[in-house]
Amino acid sequence: MTVSVSMASPSLILVLLLLTATATAASAVTASDKEKKTFIVQVQHEAKPSIFPTHNHWYLSSLASITPSASIIHTYQTVFHGFSAKLSTLEAQKLQSLSHVITLIPEQVRHLHTTRSPQFLGLKIADRAGLLKESDFGSDLVIGVIDTGICPERQSFNDRDLGPVPPKWKGQCVAGKNFPASSCNRKLIGARYFCGGYEATNGKMNETLEYRSPRDSDGHGTHTASIAAGRYVFPASTLGYAKGMAAGMAPKARLAVYKVCWNGGCYDSDILAAFDAAVSDGVDVASLSVGGVVVPYYLDVIAMGAFGASEAGVFVSASAGNGGPGGLTVTNVAPWVTTVGAGTIDRDFPADVKLGNGKTIGGVSVYGGPGLTPGRLYPIVYAGSEGGGDGYSSSLCLEDSLDPKFVKGKIVVCDRGINSRAAKGEVVKKAGGVGMILANGVFDGEGLVADCHVLPATSVGAVGGDEIRKYISTASQSRSPPTATIIFKGTRLGIRPAPVVASFSARGPNPESPEILKPDVIAPGLNILAAWPDSIAPSGIHSDERRTEFNILSGTSMACPHVSGLAALLKAAHPDWSPAAIRSALMTTAYTVDNRGGSMLDESTGNVSSVFDYGAGHVHPEKAMNPGLIYDISTYDYVDFLCNSNYTAKNIKVITRKVADCSGAKKAGHAGNLNYPSLSAVFQQYGKHKMSTHFIRTVTNVGDPNSVYKVTIRPPAGMVVTLEPETLSFRRLGQKLNFLVRVQARAVKLSPGSSSVKSGSIVWSDGKHTVTSPLVVTMQQPL
């Protein structure tokens, strides 16, 4: 093609030059390209010279001035201003030196945090009043699910009896492999996929293994989407387990899916593009069951994307992570994100181990294939025993680690760790084993996760695993070789105690902002039934030919969309509530007792759990609809919080896109003075005998116009807590009143580097509403 430039405008010439440079960059692949990595580049948005017709042209020009070999991966214009590109260290340094470039953020790779829960949460279809009725089941609210995509054909996503797509919706249904534009309907109103960041690092994807489209090739996204907003489907079950009606939290809410997770992980540049698109499209809630390493907020792309979303009025819920039961494991900890941990529900799937000595060890499983012969005891071996294989690898039942001569015809005990739980069963089956017992390690404790195994198998706790191994060792030295069988008992309802904090659920304290208690709440996350793609086995194992419309999975990934759906219901019932108001309602009405009336327990130990395990407690949707008072937070409150957290003005601009003057904020208080529904104080002893701090809080009346609230203080043990005033008298809806909390503590004896944690609460009540805020005090002894 020949183009005459003699009559062309300067803008057209510029565009042609930029397009030529981009084409050259795309074709020039050098050996050094492998050493490059992706950076997310934040740009001073308002500094664009008028000669450039769009910001994208300006970004292309900036990039071309540094290197002819780079191209833009994504352009961001809603929750973030800038672009992403793959650069060498030298190219990144040169780009950073440009006056309009604010910062470059190295890309992180994130990973997924991998029925009956509506009834367990108290959401009843037949109620004439209540959250479901008041919110019209979430109708016309849009939940954006940032995950692995969706299987649109599932009945959970049918649009029967739904009205037209809300007129505010600006999104798209992007067609791709095995995903025609007709895949969307009045339920699934939007679908996009983002793979530029993934492919920039890994090369072009293998489309025989995954779909270049919004279609889900993993199952995780389909599962989380149906938890948040699945329609009522009956009958529903997985391999005969958990029979009943399946439903999401907001059955009439609309869904928009943003596929960002691929076989190689979930890349920051793609996640940020999804946030950018979701807010521009018009979602009301963003649900993200993905996480990674905790870093300062100015390096945390999820925190940045979530800030922009929150500023636009979008509620962002994110999974806390599955790093529990250890402390300091919680992720997605920014205060403008609602961080969700996982609890159990009152249903389980017992599959007990009966040993040859007559003892029974409790376990769980959702195995649905041919079982073991009833009444028969089978030889049992520990895979890590001498002769089982190559030691450590065989104890974990890793691929090709077992000796078929050792395990054939036997039940094999495998240790948990490294490879997936279901994959261990496949290894045992290939080697000729007839069954598997998966034993927790000490770190996992007594937390049990039910899996769809490919052979008769069950999971047991650490204590049970030790007892089984001890029996095998003792019996092997006697004249009675060790034997066992697995007894599958199906589905059991009415379990007590429940809820219990799931063993895997990540725990606080907050590694980045100890003044903000995280997680915020917990929600059902253990053994949750939800929709599943028709192309993927319930075990996730390629050799497994079984197919099912629903699957049972566990993780904070499952807990997060419960809260996403509840947020949509609350937003539908209260359209004027901000994201912070919705989180406040969920937190101040949460509970910390189980269905026996006792304090919630920790599944890993069986002991009483703590605020670092569950935050404010377990969500209570019906109470959250009418919380009485809320703690609201504005965008500028978050800026003040960052100032008081000693972030620099540049750091704050990277996170918020705002110029911050921190002089006033720092005079006003400290990071703990963010108007959060929980209160957290951290004292460094440094030889002091007495320490004190204060919290200023503002509550907004959303209950009865004329109401008087009185406070009950439950101080942490050994602390003195006072509050002024002790009575709050409201005369109208929307009225705001302040109160001051003072906390005094005495030094305690601690070894260097250790800490002591005590918790209590502050409870406001008008006789009708109970508004509870946890108060946690941490005493630290510096090294």
Side-chain angles (χ1 to χ4, degrees), residues 39-47 76 79-82 92 96 99-108 268 271-272 275 291-312 316 318 328 330-339 508-518 520 579-580 583 631-676 678-684 693-697 778 780:
F39 290 87
I40 295 158
V41 183
Q42 189 176 45
V43 176
Q44 190 79 35
H45 187 69
E46 59 275 17
Y76 312 107
V79 301
F80 186 90
H81 295 144
Q96 178 73 78
S99 60
H100 56 277
V101 172
I102 298 173
T103 192
L104 272 70
I105 305 162
E107 180 165 64
Q108 281 194 68
D268 271 356
I271 293 172
L272 188 57
F275 266 115
V293 178
V294 175
V295 293
Y297 304 132
Y298 59 86
L299 295 174
D300 186 345
V301 164
I302 289 178
M304 284 180 254
F307 187 94
S310 176
E311 186 178 25
V316 179
L328 283 167
V330 64
T331 65
N332 295 321
V333 296
W336 45 87
V337 172
T338 299
T339 311
N510 185 331
E512 178 60 18
S513 301
E515 303 85 359
I516 303 298
L517 180 63
K518 292 286 183 175
D520 292 305
R583 177 179 57 224
Y631 294 79
D632 212 351
I633 303 175
S634 73
T635 297
Y636 287 96
D637 291 332
Y638 290 126
V639 172
D640 288 347
F641 160 79
L642 293 168
C643 286
N644 286 316
S645 299
N646 294 319
Y647 278 72
T648 67
K650 180 180 178 181
N651 294 156
I652 295 171
K653 187 169 185 180
V654 169
I655 301 162
T656 68
R657 297 169 295 151
K658 299 189 183 324
V659 177
D661 178 5
C662 288
S663 56
K666 289 188 176 181
K667 288 178 183 176
H670 55 87
N673 272 342
L674 179 67
N675 199 42
Y676 217 71
S678 56
L679 300 89
S680 175
V682 181
F683 293 122
Q684 302 287 344
T693 191
H694 70 279
F695 300 93
I696 300 169
R697 291 293 187 266
T778 303
Q780 293 184 339

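With sequence neighbours excluded, no residue satisfies side-chain hydrogen bond (donor to acceptor under 3.5 Å, both in side chains) with Thr338. Applying the side-chain hydrogen bond (donor to acceptor under 3.5 Å, both in side chains) test to Tyr638 and every residue at least two apart in sequence or in another chain returns Arg583.
Interatomic distance, OG1 of Thr339 versus CG of Asn510, reported as 8.0 Å (0.5 Å rounding). Atom CD of Gln44 is separated from atom NE2 of His100 by 10.0 Å, given to the nearest 0.5 angstrom. Taking CD from Glu107 and CG from Leu299, the interatomic distance works out to 13.5 Å, rounded to the nearest 0.5 Å. The OG1 atom of Thr656 lies 8.5 Å from the CH2 atom of Trp336; values are rounded to the nearest 0.5 Å. Glu512 CD to Glu515 CD: the interatomic distance, rounded to the nearest 0.5 Å, is 9.5 Å.
Scanning both residues, Leu642 and Tyr297, for their nearest heavy atoms gives CD2-CD1, 3.8 Å. Residue Phe641 comes nearest to Pro335 through the heavy atom pair CE2-CG, 3.5 Å, listed as atom of the first residue, atom of the second, then distance. Across all non-hydrogen atoms, the minimal contact from Thr693 to Ala681 is CG2-CB, 3.9 Å. Pairing each heavy atom of Leu517 with each of Ser680, the nearest pair is N-CB, 4.4 Å. Contact record, Leu104 with Gln96: N-OE1, 3.4 Å, taken as the closest heavy-atom pair. Here the closest heavy-atom approach between residue Pro579 and residue Ser310 is recorded as CG-O, 4.0 Å.
At a threshold of 4.0 Å, the pair Lys658-Glu311 counts as salt-bridged, since one of the basic side-chain nitrogens sits closer than that to a carboxylate oxygen.
Between the side chains of Asp637 and Tyr676, no donor N or O sits under 3.5 Å from an acceptor N or O. A donor-acceptor contact under 3.5 angstrom links the side chains of Asn651 and Thr648, judged on distance only.
Looking at Phe307 and Val337, their side chains never come closer than 4.5 Å, going by heavy atoms from C-beta outward. Using a 4.5 Å heavy-atom cutoff, the side chains of Ile271 and Ile302 are in contact. Side-chain contact check for Cys643 versus Ile652: some heavy-atom pair is nearer than 4.5 Å. Pro296 has its side chain within reach of Tyr647: a pair of non-hydrogen atoms, C-beta onward, lies under 4.5 Å apart. You'll find the side chain of Pro514 stays beyond 4.5 Å of the side chain of Thr778, heavy atoms only. Residues Ser678 and Ile516 are not in side-chain contact: their nearest non-hydrogen atoms beyond the backbone lie 4.5 Å or more apart. Put simply, the side chain of His670 reaches to within 4.5 Å of the side chain of His694, judged on heavy atoms. At least one side-chain heavy atom of Val101 sits less than 4.5 Å from a side-chain heavy atom of Val41.
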Check against side chain to side chain contact (heavy atoms under 4.5 Å, CB included), Phe275 and Val316: CA-CA 10 Å; Phe275 266 115; Val316 179; 4.3 Å; yes

I'd like to know whether Val654 forms a side chain to side chain contact (heavy atoms under 4.5 Å, CB included) with Ile105, so could you lay out the CA-CA distance, the side-chain angles of the two residues, the decisive distance to 0.1 Å, and finally the verdict. CA-CA 10 Å; Val654 169; Ile105 305 162; 4.2 Å; yes

Can you list the steps and then say if Lys518 with Val330 is a side chain to side chain contact (heavy atoms under 4.5 Å, CB included)? CA-CA 7 Å; Lys518 292 286 183 175; Val330 64; 4.2 Å; yes

What do the steps show when you test His81 against Arg657 for side chain to side chain contact (heavy atoms under 4.5 Å, CB included), and what is the final call? CA-CA 8 Å; His81 295 144; Arg657 297 169 295 151; 3.7 Å; yes

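Each of Leu674, Asn673, Asn675 was checked for a side-chain contact (heavy atoms from CB on, under 4.5 Å) with Ile696, and the lone residue meeting it is Asn673.
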